[in-house]
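Everything below concerns the one structure shown next.
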Amino acid sequence: NHAYFDHPGFPKNRWNLPFSYLQRSAISEMASVPRDLMPTRLPGKPFLVTEFNYCNPNLYRAEAGPLIGGYAALQNWDALYRFAWSHSARDIEQVVSAYGFNAVNDPLAQFSDRLAMLLFRRGDVRPAREKVVCEIPDASEWKTAAAKYPQSFRELGFIAQVGSRAGGADPADATESPWCGERPLSNAAVETLRRRFRFDNIAQSASGELYLDAAKGVLKISAPRTAAITLPGGSEVSGVLAVRGADVPQTIALSSLDGKLLAESGRILLLHLTDTLNFQAKFSDANRNTLYKWGSSRLLVRRGRAEVSFLHRDAGEMEVFALHADGSVARQLPRRVENGRLVFTVDTALDDKGVLAYRISRRESNR
């Protein structure tokens, strides 16, 4: 299957500027991508998302990595393909503006994909043990849109593994008798989580690692090797990670790079994603709903700040380094230790080239 969030519209001519965009948050839209993909899986068979994109220039697309990576892992899918790396050799061989669906010159897409790789391919978020199948009467239904499925079943994918089968097919390894939302689930814990999402728009996975609050526009991931927070602003806590005073929509994610638990790791990657945009891009207005010109190859990063703190066994021994986009060190950051927590401020404007990533590691003498 495949899906796009904020796919461009065509006010005048198809595939020619101007393009129109909704400029909404995927989280606040109850994560239609990946939600509407989930029910279409055939349990017991491989499932691939052969195209996905949270489309540039959607200003909330820093949500992409944790959304697609986290829920693909929860659903135990088999492959993810961002569409597309590039539509031409030219864009690979030289620096051009970030435009369309291409990730080749779009650092926000590339950094988001790295987080998705950790969550999904490395398996930092574990698959849900609970598996629920919706039975449909005719195999031809597979060809139709996700809207064919009841809303209650589509939403269940944020909590448990879901899929569907034609009547009479092998139910595979479902842990629940066929269910499409017409009665309470027999698993009381999953049913409680489902009702919470239905009435409060808060979805917590049965594993406890994923937490989505659609009303607040917040997604939190708390797994042994990765903790992440996506928020429109303000403060949130997710496991060992706490974010305070975020001033713009952003994603902040910590991932252990040495295989150890986050609270014990000696080498940690921090991603701080806001938004990127081509210099001299031209829109109808500040809401960016209509794009008239993609702009130049000079990229801008949206300024964003937040105070980050996280619990670490050896907080006093850890140092923080802002990184350039190629991974080289831009500068070392001041930090302090409070009650076993390492505390510092991330800021995309720390360096004149922009900062989207940080390395947190033990002092050289203690490695």
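FYI, the numbering just counts along the sequence from 1.
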E236/R244 under salt bridge (Lys or Arg N to Asp or Glu O under 4.0 Å): CA gap, chis, key distance, verdict: CA-CA 7 Å; E236 293 288 342; R244 187 168 70 177; over 6 Å; no
Salt bridge (Lys or Arg N to Asp or Glu O under 4.0 Å) evaluation trace for E155 with R198: CA-CA 8 Å; E155 293 173 351; R198 170 52 59 92; 3.5 Å; yes
Derivation of the salt bridge (Lys or Arg N to Asp or Glu O under 4.0 Å) call for D113 and R121: CA-CA 11 Å; D113 283 353; R121 196 174 71 185; over 6 Å; no
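Under 4.0 Å is where a charged nitrogen must lie from a carboxylate oxygen, and between R41 and D78 at least one such pair does. Salt-bridge annotation for E135 and R165: present, with a side-chain N of the basic residue lying under 4.0 Å from a carboxylate O of the acidic one. Between R336 and E307 there is a salt bridge, since a side-chain N of the basic residue sits under 4.0 Å from a carboxylate O of the acidic one.
Annotation: cation-pi pair R154/Y149 absent, no NZ/CZ under 6.0 Å from the ring centroid and within 45° of its normal. Annotation: cation-pi geometry satisfied between R298 and F279 (NZ/CZ under 6.0 angstrom from ring centroid, within 45° of ring axis).
If you look at W15 and H87, their ring centroids are not closer than 6.0 Å. Proximity of the aromatic rings of F120 and Y71 is defined here by a centroid distance below 6.0 angstrom, and this criterion is not met. Aromatic ring centres of F197 and F158 lie closer together than 6.0 Å.
Counting all heavy atoms, side chain and backbone alike, Y60 lies closest to P249 at CE2-CG, 3.9 Å. Considering all non-hydrogen atoms of both residues, R335 and M318 come closest at NE-O, 2.8 Å.
With sequence neighbours left out, L185 forms a side-chain contact (heavy atoms from CB on, under 4.5 Å) with V132, L156, E176, W179, V190, E191, R194. Not counting sequence neighbours, the partners of A349 by the side-chain contact (heavy atoms from CB on, under 4.5 Å) test are R303, D347. For D351, there are no salt bridge (Lys or Arg N to Asp or Glu O under 4.0 Å) partners two or more places apart in sequence or in a different chain. Not a single disulfide bond (SG atoms under 2.5 Å apart) links C55 to another residue, sequence neighbours left out. Among residues two or more places apart in sequence or in another chain, the side-chain contact (heavy atoms from CB on, under 4.5 Å) test is passed with A357 by F111, L269, L271, L323. Every residue two or more places apart in sequence or in another chain that forms a side-chain hydrogen bond (donor to acceptor under 3.5 Å, both in side chains) with T226 is listed here: D124, S255. Applying the side-chain hydrogen bond (donor to acceptor under 3.5 Å, both in side chains) rule to R313 yields no partners; only residues at least two apart in sequence or on another chain are considered. With sequence neighbours excluded, the residues forming a side-chain hydrogen bond (donor to acceptor under 3.5 Å, both in side chains) with E209 are R126, listed by chain and number. Under the side-chain contact (heavy atoms from CB on, under 4.5 Å) criterion, L59 pairs with Q23, D275, R288, sequence neighbours left out. Legend: residues meeting side-chain hydrogen bond (donor to acceptor under 3.5 Å, both in side chains) with Q161, ordered by chain and number and at least two apart, are absent.
Under the 4.5 Å side-chain criterion, counting only non-hydrogen atoms from C-beta, S361 is not in contact with I268.
For residues 27-58, every residue pair satisfying the ring pair (Phe, Tyr, Trp, His ring centres under 6.0 Å) rule, not counting sequence neighbours, is listed here: F47-W77. Every pair passing disulfide bond (SG atoms under 2.5 Å apart) that includes a residue from residues 175-246 is listed here, sequence neighbours excluded: C134-C180.
Using a 3.5 Å distance cut-off with no hydrogens or angles, the side chains of Y4 and E51 do pair a donor with an acceptor. A donor-acceptor pair shorter than 3.5 Å can be found between the side chains of D258 and S265.
A donor-acceptor distance shorter than 3.5 angstrom exists from the side chain of N289 to the backbone of Y21, with no hydrogens or angles considered.
The distance from the OG1 atom of T50 to the CZ atom of R82 is 14.0 Å, given to the nearest 0.5 Å.
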